[in-house]
Chemist: 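Got a structure for you, written out below as structure tokens; questions coming shortly.
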Amino acid sequence: MIKWVYIEDISKYVDQEVTIKGWMYNKRSSSKIHFLQLRDGTGFIQAIMEKERFDDELFKKVKKLKIETSMIITGRVRKEDRAPGGYEIDVTSIETVQEPIEDYPISKKEHGVDFLMEHRHLWIRSKKQWAIMKIRNEVVKAIRDFFYESKFVLIDSPILTGSIGESAGNLFDIDYFDLGKAYLSQTGQLYLEAAIQSFGKVYCFGPTFRAEKSKTRRHLTEFWMVEAEVAYYRHKDNMKLQEELVVYTVNRTLKNAQPYLEILGRDTTKLLTVKTPFPRISYSEAIDILKEAGKDAKWGDDIGGDEETIISQKFDRPVMVYNYPKDIKAFYMQLNPENDREVLCDDMLAPEGYGEIIGGSERIWKYEVLLKRIEENNLPLDAYRWYLDIRKWGAVPHSGFGMGIERLVAWITGIKHIREAIPFPRTIYRIYP
RNA sequence: UCCCCGGUAGCUCAAUCGGCAGAGCGGGUGGCUGUUAACCACUAGGUUGCAGGUUCGAGUCCUGCCCGGGGAGCCA
């Protein structure tokens, strides 16, 4: 029995006969030789068939095989400079598993966004999409390892929730038995704030849902977020943690995902600069930068996508903008003791125009203060009863943040739109495939 | 919800001032001794998003609708 091997390991089998199980993503032929381009999930390789070594019928049959035929081939591995990837397989036997019943719709030429999105279930087979998902895989593993090594405890938060996260109006609701409406979670933060009282350092990692009718390259209705929360951490500790997480994740990806970054043509020199410390500028300084850039910005305005780009372009690594006006931020953020018009929060803006990837803050930890803020914001007290409860028994100062996985992956991979950073994106006008 | 752009062959696009709907890729047939989105020749392929209007004549102009894309707001 000849050994079944994966393409990523092929260099270990030079001059040996091996079996590859995969798919033919392209082929080229002349009268005397076929070049079959194969993939198997781990990589890509060229297999060749010379006419003189096969009977005419089989040779003709292979010429007519359609793109995406699944097949099992056996042959001798050879180092071959003329082959893409540097190795090729001289086929000795070929067995098709399934021959396509129609022509494959995704061609080697360019396609439009609409067509590709309609065929997302097939599009993920293409090399570029494959590389992006392999990088996402590395990014997620790096994040989990960072938290594990830093002694954080994974506390998964519920997806179905009765309470309200940051603001109503952009929640998906569903009928929940006899209890009325339930909502798809838009943050796990409130649950993490409960968990730190037991575990100290916690994080959660899962899908979140926003029913905002956003139509931009930075938004999805369903996206993955990693959130961390730490007891006794103050604002500055929080920012340091964010910075360390991002540096760790980028370095690990550069180390482990180099071949995939190359497939995407990513200019990795722009990632090599991602080292501590990240620049930190106050919201007020950010407004000054925007004014200098000729923007009509004044204190109290929120910082939009274009503004984020102007700010982040001044730096070669992510920049942290801290202490925003309280009126444009969430109710649970701690007021700045040095300026009660501001809250102790920060947004991390990725370079190259990728915008906000992290939002974090120190949380209000005193019962009376939080109660007052809930009332000021006219939030339903009943829904927040348990959240207030946390502050009754041994409350401590604490801080946390959330990082958007697709935005992070989009930045690291250098792709234009975050819909390619998730296998099956959910956008406002698309629920299939 | 608002602003902007688009919808022509399976796909990507072209079509001058309103005047015979075209090309490349993909498909089919044949050819080619190492291809690199292979190449060469021939060939089939159309309700121009839908409905109405103006006109001798509409892919092109007008009205309404449908679908998608980019952005704003909001956020990660």
Side-chain angles (χ1 to χ4, degrees), chain A residues 25-37 44-52 60 63-64 66-67 78 80-86 88 90 100 102-119 122 126-128 165-171 186-189 206-227 242 301-309 324 328-330 346-350 354-360 401-411 416-419 421-422 427-430:
Chain A
Y25 71 91
N26 195 12
K27 71 170 193 302
R28 293 179 277 273
S29 289
S30 69
S31 60
K32 296 289 188 339
I33 188 167
H34 295 321
F35 300 92
L36 311 178
Q37 314 298 328
F44 301 81
I45 198 164
Q46 173 168 283
I48 63 154
M49 291 177 69
E50 286 175 307
K51 189 175 195 291
E52 59 185 16
K60 270 187 185 159
K63 184 176 170 67
K64 288 184 182 299
K66 290 185 190 297
I67 300 298
R78 196 166 57 210
E80 172 57 82
D81 290 340
R82 289 174 294 183
E88 74 181 10
D90 201 350
E102 287 174 23
D103 293 323
Y104 190 60
I106 297 184
S107 76
K108 289 168 269 181
K109 291 271 180 162
E110 286 174 19
H111 292 284
V113 171
D114 187 37
F115 181 83
L116 289 170
M117 292 295 285
E118 288 290 330
H119 295 84
L122 305 177
S126 67
K127 198 180 229 171
K128 188 180 162 195
E166 308 197 356
S167 54
N170 50 17
L171 290 153
Q186 57 177 199
T187 174
Q189 179 199 322
T208 51
F209 306 88
R210 304 276 167 93
E212 297 153 355
K213 292 199 168 183
S214 301
K215 284 170 56 85
T216 83
R217 75 184 72 211
R218 302 185 311 280
H219 290 86
L220 297 168
T221 54
E222 176 182 318
F223 67 96
W224 285 64
M225 182 158 68
V226 60
E227 293 173 272
Q242 294 164 28
D301 291 347
D302 205 354
I303 295 176
D306 289 350
E307 287 81 17
E308 287 178 355
T309 302
Y324 282 65
I328 57 171
K329 287 291 178 181
D346 74 283
D347 285 353
M348 186 190 292
L349 310 180
Y354 283 93
E356 184 181 350
I357 52 174
I358 286 179
F401 64 89
M403 178 166 74
I405 299 305
E406 289 76 19
R407 287 186 180 178
L408 179 68
V409 171
W411 164 48
K416 292 284 173 291
H417 198 301
I418 66 167
R419 65 185 157 216
I422 187 168
T427 57
I428 166 168
Y429 293 126
R430 237 175 246 287

Chemist: Do A:Pro105 and A:Leu122 have side-chain heavy atoms sitting under 4.5 Å apart?
Modeler: yes
Chemist: Nearest to the side chain of A:Ser214 - B:C74, B:U12, B:A72?
Modeler: B:C74
Chemist: Applying ring-ring contact (aromatic ring centres under 6.0 Å, His included), can you list everything that pairs with A:Phe115, at least two apart in sequence or on another chain?
Modeler: A:His111, A:His119
Chemist: Between B:G52 and B:C66, how far apart are the C1' atoms? Round to whole Å, please.
Modeler: 15 Å
Chemist: Select one nucleotide: of B:U12, B:G31, B:G34, the one nearest the side-chain heavy atoms of A:Phe35.
Modeler: B:G34
Chemist: Treating A:Glu406 as the side-chain partner and A:Arg419 as the backbone partner, does any N or O pair qualify as donor plus acceptor under 3.5 Å?
Modeler: no
Chemist: With sequence neighbours excluded, what pairs up with A:Phe401 under the ring-ring contact (aromatic ring centres under 6.0 Å, His included) test?
Modeler: none
Chemist: When you measure from the side chain of A:Lys213 to the backbone of A:Ile428, do you find a donor-acceptor pair of N or O atoms at a distance under 3.5 Å?
Modeler: no
Chemist: Taking atom P in both B:C65 and B:G22, what distance in whole Å separates the two?
Modeler: 34 Å
Chemist: Below 3.5 Å, does any donor atom in the side chain of A:His219 face an acceptor in the base of B:C75, or the other way round?
Modeler: yes
Chemist: Backbone N or O of A:Leu349 within a donor-acceptor pair of the A:Glu308 side chain at under 3.5 Å?
Modeler: no
Chemist: Taking only residues two or more places apart in sequence or in another chain, which ones pass side-chain contact (heavy atoms from CB on, under 4.5 Å) with A:Asp114?
Modeler: A:Glu118, A:Arg430
Chemist: Counting side-chain heavy atoms from CB outward, which of B:G71, B:U33, B:G73 is closest to A:Arg217?
Modeler: B:G71
Chemist: Expressed as a whole number of Å, how far does the C1' atom of B:U63 sit from that of B:C20?
Modeler: 29 Å
Chemist: For the side chain of A:Lys32, counting heavy atoms from C-beta on, which of B:U35, B:A37, B:U33 is nearest?
Modeler: B:U33
Chemist: So does A:Ser107 get a side-chain nitrogen or oxygen closer than 4.0 Å to the phosphate oxygens (OP1/OP2) of B:C11?
Modeler: no
Chemist: Please list, pair by pair, any protein nitrogen or oxygen found under 3.5 Å from a nitrogen or oxygen in nucleotides 64-68 of chain B.
Modeler:
residue: B:G68; atom: OP1; partner: A:Tyr429; partner atom: O; Å: 3.0
residue: B:G68; atom: O3'; partner: A:Arg430; partner atom: NH2; Å: 3.0

Chemist: Using a cut-off of less than 4.0 Å, is there contact between a side-chain N or O of A:Lys213 and OP1 or OP2 of B:U1?
Modeler: yes
Chemist: Heavy atoms only, 4.0 Å cut-off, all strands: where does A:Pro105 land among base, sugar-phosphate and nothing?
Modeler: nothing
Chemist: Report which part of the nucleic acid A:Ile357 touches: base, sugar-phosphate, or nothing (heavy-atom distance under 4.0 Å, all strands).
Modeler: sugar-phosphate
Chemist: Pick the P atom in B:A14 and in B:U43, then give their distance to the nearest Å.
Modeler: 26 Å
Chemist: Between A:Lys64 and B:U29, is there a contact of a side-chain N or O with OP1 or OP2 at under 4.0 Å?
Modeler: yes
Chemist: Closer than 3.5 angstrom, by distance alone: can the side chain of A:Glu227 be matched with the main-chain N or O of A:Gly188 as a donor-acceptor pair?
Modeler: yes
Chemist: Can you tell me the distance, in whole Å, between the CD atom of A:Glu406 and the P atom of B:A76?
Modeler: 13 Å
Chemist: Using atom C1' in both nucleotides, what's the gap between B:C3 and B:G46 to the nearest angstrom?
Modeler: 34 Å
Chemist: Please tell me which of the listed nucleotides, B:G27, B:G34, B:G71, lies nearest to the side chain of A:Arg78?
Modeler: B:G34
Chemist: If you assign A:Arg82 and A:Gly112 each to the RNA chain B nucleotide with the nearest heavy atom, which residue ends up on the more 5' nucleotide?
Modeler: A:Gly112
Chemist: Starting from P on B:C74, measure out to CG on A:Leu220 and report it in whole angstrom.
Modeler: 19 Å
Chemist: Students often get this wrong, so: under 4.0 angstrom with heavy atoms, is A:Ile48 touching a base, only sugar-phosphate, or nothing?
Modeler: base
Chemist: For the side chain of A:Arg419 and the base of B:G70, is some donor closer than 3.5 Å to an acceptor across the two?
Modeler: no
Chemist: What's the gap between B:A37 and B:U29 when it is taken at their P atoms, as a whole Å value?
Modeler: 25 Å
Chemist: How far does the C1' atom of B:A41 sit from the matching atom of B:G34, given to the nearest Å?
Modeler: 22 Å
Chemist: Give the rounded distance in Å between these two atoms: CG of A:Asp302 and P of B:A76.
Modeler: 10 Å
Chemist: Does any donor-acceptor pair link the side chain of A:Glu50 with the base of B:U33 at a separation under 3.5 Å?
Modeler: no
Chemist: Rounding to a whole Å, what distance do you find between A:His34:NE2 and B:G31:C1'?
Modeler: 14 Å
Chemist: Consider the side chain of A:Arg210, meaning its heavy atoms from C-beta on, and name the nucleotide among B:G27, B:A76, B:U12 that approaches it most closely.
Modeler: B:A76
Chemist: May I ask you to say what A:Ser29 touches in the nucleic acid, namely base, sugar-phosphate or nothing, with a heavy-atom cut-off under 4.0 Å?
Modeler: base
Chemist: Who pairs with A:Tyr25 by ring-ring contact (aromatic ring centres under 6.0 Å, His included), at least two apart in sequence or on another chain?
Modeler: A:Phe44
Chemist: Would you write the dot-bracket representation of RNA chain B, where each base gets (, ), [, ], | or . depending on whether it forms a Watson-Crick or G-U pair under 3.5 Å and with which partner?
Modeler: (((((((..((((.....[..)))).(((((.......))))).....(((((..]....))))))))))))....
Chemist: Of the nucleotides B:G27, B:G34, B:A76, which has the atom closest to the A:Asp103 side chain?
Modeler: B:G27
Chemist: Heavy atoms only: give me the nearest A:Val226-A:Ile405 pair and the separation to one decimal.
Modeler: CG1-CD1, 3.9 Å
Chemist: Tell me: CD1 of A:Ile358 to C1' of B:C75, nearest whole Å?
Modeler: 15 Å
Chemist: What is the distance, to the nearest angstrom, from the CH2 atom on A:Trp224 to the P atom on B:A76?
Modeler: 18 Å
Chemist: Where each residue is assigned the nucleotide of RNA chain B containing its nearest heavy atom, which of A:Gly305 and A:Thr221 is assigned the position nearer the 5′ end?
Modeler: A:Gly305
Chemist: Taking the minimum atom-to-atom distance to the side chain of A:His111, which one of B:A76, B:C11, B:G70 wins?
Modeler: B:C11
Chemist: Using side-chain heavy atoms (C-beta onward) and a distance below 4.5 Å, is A:Ile48 in contact with A:Arg78?
Modeler: yes
Chemist: Once you apply a heavy-atom cut-off of 4.0 Å, does A:Phe115 come out as touching a base, just sugar-phosphate, or nothing?
Modeler: sugar-phosphate
Chemist: Between B:G73 atom P and A:Glu212 atom CD, what is the distance in whole Å?
Modeler: 12 Å
Chemist: What distance do A:Glu356 atom CD and A:Arg218 atom CZ have between them, rounded to the nearest 0.5 Å?
Modeler: 9.0 Å
Chemist: What is the distance from CG of A:Asn170 to C1' of B:U1, rounded to the nearest Å?
Modeler: 14 Å
Chemist: Choosing from B:U35, B:A72, B:G34, which nucleotide comes nearest the side chain of A:Glu88?
Modeler: B:G34
Chemist: Below 4.0 angstrom from OP1 or OP2 of B:G34, is there any side-chain N or O of A:Ser30?
Modeler: yes
Chemist: Taking atom C1' in both B:G49 and B:G68, what distance in whole Å separates the two?
Modeler: 11 Å
Chemist: Taking only N and O in the side chain of A:His417, is any of them less than 4.0 Å away from OP1 or OP2 of B:G70?
Modeler: yes
Chemist: Can you find a heavy atom in the side chain of A:Arg28 that is under 4.5 Å from one in the side chain of A:Gln46?
Modeler: yes
